[in-house]
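As structure tokens, the structure follows; a few thoughts come after it.
What you are looking at is a predicted structure, and each value in this text was computed from that prediction instead of being measured. In what follows, chains carry the letters A, B, and so on, assigned in the order in which the sequence lines appear, proteins first and then strands, with residues in each chain numbered from 1.
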There are 2 protein chains.
Amino acid sequence: MASKKISMAVIKRLPRYHRYLNYLLELGIKRVSSKELSSRMGITASQIRQDLNCFGGFGQQGYGYNVESLYNEIGNILGINKTFYCIIIGAGNMGQALSNYGNFIKRGFEVIGIFDVNPEVVGKKLKNLEVMNLDSLEEFILHNRVDIAMLCVPYRETATVADRVARLGVKGLWNFSPMDLKIPYDVIVENVHLSDSLMVLGYKLNDKFERE
Amino acid sequence: MASKKISMAVIKRLPRYHRYLNYLLELGIKRVSSKELSSRMGITASQIRQDLNCFGGFGQQGYGYNVESLYNEIGNILGINKTFYCIIIGAGNMGQALSNYGNFIKRGFEVIGIFDVNPEVVGKKLKNLEVMNLDSLEEFILHNRVDIAMLCVPYRETATVADRVARLGVKGLWNFSPMDLKIPYDVIVENVHLSDSLMVLGYKLNDKFERE
DNA sequence: TAGATTGTTAATCGATTAACAATC
DNA sequence: TAGATTGTTAATCGATTAACAATC
């Protein structure tokens, strides 16, 4: 796979294509042209064709794209056929919300462990998993394959926990803290900065009202 | 404010500047040059100066930027000095997580109501608010100023609830469902597509492993 | 004043859109 | 075959970076 580098702008659109194709699939639609997908998604047909052609020629001239096979192709590119083993660190509301989010498993993300420090929470069952004490984190990771750690601990703890997890060889961090992690290990971090997103919404609202 | 349009790329970086400046403030640092901020944030000094100059000349030649006043300026631009009144719809784990997230209030987002349909949840106290029945949504919005609705309901309900809320004049939606809302009202939607974010992380992990 | 650093213009780079030959 | 639609190249647009005169 000595492919040319694909830009993040393209990658970030893939899950969205995947969702739309899934929707078409559920509607029983068999084929779709870039033009039709374009009008549904509100992006140009040109962009759709460019994006898809980063990964291969999935379409057929004069016909368009087969919905099911394109859905599967994009799924493969995103790796949802593989399983990523995940742990959730911090079993507060956010951690619990993630543990209950059934959509993840459909997309290949399986939660195999949940950790917390709070004695009132440790031992509690969430879904089919018992919350473990954070002290046993090291042991757990040594004995189980863990690809991704989902960090849902309070702000103050995040940097420490992230470092601890990365040191043990976990390769992906999904960070819910409003901070940018800097870790001296070879780790991929994906941030979910909720307050950033909310502030952008606030900006847009202000902007709109001021202009009107 | 007949200003030239500011690109989303710039807007989206503002909360991040805001966070870093807050951090510098906490460290007791009084002034910062674009060069120093650049090395801390990992973006070019040029970009920082360009971004800030979209909104005004906040710096001083030969000196740099005063941390506190720049922090405040960006806060103003983001509107965190104003209060946005918010309701949470859906008091499941995600809704509860949001209701407990104290950071929002600091940034001007105040939750004034929480709604659910589940009789087991309605009436329950979350923080200082009692979960209301979704049936009383209309009445509540008519009698209270609601700027933003945070949608934490299951996938199937999202479109309906979004429409209902928008029809009542709520101007901002913060959407946690993995779907792109299409609403025939004049509403600003900001999406938090958690599974999209997770899939991008999955892609990056795959990509890295395949290349190595 | 000399040094530092901004604000801003110009140059570059990358991403999006348009166009069209290839082909189903 | 004629019509449709892709894959792909070329043109455009926008965002980032570089450069430097202005000025504190």
Side-chain angles (χ1 to χ4, degrees), chain A residues 3-17 20-21 24 29-74 77 196 200 203-204 207, chain B residues 3-17 20-21 24 29-74 77 180 200 203-204 207:
Chain A
S3 51
K4 62 269 170 199
K5 186 147 163 299
I6 289 149
S7 84
M8 258 306 133
V10 176
I11 308 299
K12 289 218 180 107
R13 282 192 290 268
L14 293 180
R16 193 152 172 266
Y17 288 128
Y20 272 85
L21 289 161
L24 294 177
I29 292 170
K30 298 269 185 262
R31 59 170 278 250
V32 69
S33 66
S34 57
K35 193 174 159 210
E36 197 200 333
L37 199 53
S38 153
S39 82
R40 283 181 183 271
M41 294 184 65
I43 56 181
T44 65
S46 212
Q47 181 163 74
I48 292 172
R49 294 202 300 277
Q50 285 274 23
D51 284 355
L52 297 178
N53 268 82
C54 293
F55 303 97
F58 301 135
Q60 199 172 32
Q61 281 101 327
Y63 173 86
Y65 300 87
N66 177 287
V67 173
E68 188 175 359
S69 77
L70 185 57
Y71 174 77
N72 290 330
E73 290 286 3
I74 294 180
I77 295 163
D196 285 19
V200 169
Y203 176 87
K204 288 179 182 170
D207 193 50
Chain B
S3 53
K4 62 270 169 198
K5 187 146 161 304
I6 289 150
S7 85
M8 259 305 131
V10 176
I11 307 299
K12 290 219 180 104
R13 281 192 291 269
L14 293 180
R16 192 151 174 267
Y17 289 127
Y20 271 84
L21 289 162
L24 294 178
I29 293 171
K30 299 270 183 264
R31 60 170 278 250
V32 69
S33 67
S34 58
K35 193 174 161 211
E36 196 201 332
L37 200 52
S38 154
S39 82
R40 283 181 183 272
M41 296 184 63
I43 56 181
T44 65
S46 213
Q47 181 164 72
I48 293 172
R49 294 202 300 278
Q50 284 275 22
D51 283 355
L52 297 178
N53 268 83
C54 293
F55 304 98
F58 301 135
Q60 198 171 33
Q61 281 100 328
Y63 172 86
Y65 300 87
N66 178 285
V67 173
E68 188 175 0
S69 77
L70 185 57
Y71 174 76
N72 291 328
E73 290 286 2
I74 295 180
I77 294 162
D180 301 318
V200 169
Y203 175 90
K204 288 179 181 169
D207 193 50

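When each of A/T44 and B/K35 is assigned the nucleotide of DNA chain C bearing its nearest heavy atom, the one mapping closer to the 5' terminus is B/K35. Where A/Q50 and A/G64 each meet DNA chain D at their nearest nucleotide, the meeting point lying more 5' is that of A/G64.
Taking side-chain N and O atoms only, A/S34 has a distance below 4.0 Å to OP1 or OP2 of D/dT6. Under 4.0 angstrom from either OP1 or OP2 of C/dA4 there lies no side-chain N or O belonging to B/R31. Distances shorter than 4.0 Å separate none of the side-chain N or O atoms of B/R49 from OP1 or OP2 on D/dT17. Between D/dT16 and B/Q47, a contact under 4.0 Å exists linking OP1 or OP2 to a side-chain N or O. Using a 4.0 Å cut-off, some side-chain N or O of A/Y65 falls inside it from OP1 or OP2 of D/dG7.
In this structure, C/dT23 forms a base pair with D/dA4, meeting either the Watson-Crick or the G-U wobble geometry with both donor-acceptor distances under 3.5 Å. Using Watson-Crick or G-U wobble geometry with both donor-acceptor distances under 3.5 Å, C/dT17 finds its partner in D/dA10.
The distance from atom CZ of A/F58 to atom P of D/dT5 is 20 Å, rounded to the nearest whole Å. Protein atom CZ of B/F55 is 14 Å distant from nucleotide atom P of C/dT8, rounded to whole Å. In this structure, NZ of B/K5 is placed 9 Å from P of D/dG14, rounded to the nearest angstrom. Rounding to whole angstrom units, CG of residue A/L37 and C1' of D/dT5 are separated by 14 Å. Put simply, CG on A/L52 is 15 Å from C1' on C/dT16, counting in whole angstrom units. As a whole-Å value, the separation of A/M8 CE from C/dC13 P is 22 Å. If you take CD of B/Q60 and C1' of D/dA22, they are 13 Å apart, rounded to a whole angstrom. Atom CD of A/Q61 and atom P of D/dT5 are 12 Å apart (whole Å).
Looking at the side chain of B/N53, the nearest of the listed nucleotides C/dG7, C/dT6, C/dT16 is C/dG7. For B/S46, whose side chain is taken as the heavy atoms from C-beta onward, the closest listed nucleotide among D/dT5, D/dA19, D/dT8 is D/dA19.
Remark: B/K12 NZ is loosely packed, at most 12 non-hydrogen atoms of other residues, nucleotides or ligands lying under 6.0 Å away.
Within the 4.5 Å cutoff, side-chain heavy atoms of B/F55 are placed close to those of B/I6. At least one side-chain heavy atom of B/Y17 sits under 4.5 Å from a side-chain heavy atom of B/I43. In this structure, B/Y20 and B/V32 have side chains that are not in contact, with every pair of non-hydrogen atoms separated by 4.5 Å or more.
In this structure, the side chain of A/R13 does not engage the main chain of A/Q47 through any donor-acceptor pair within 3.5 Å.
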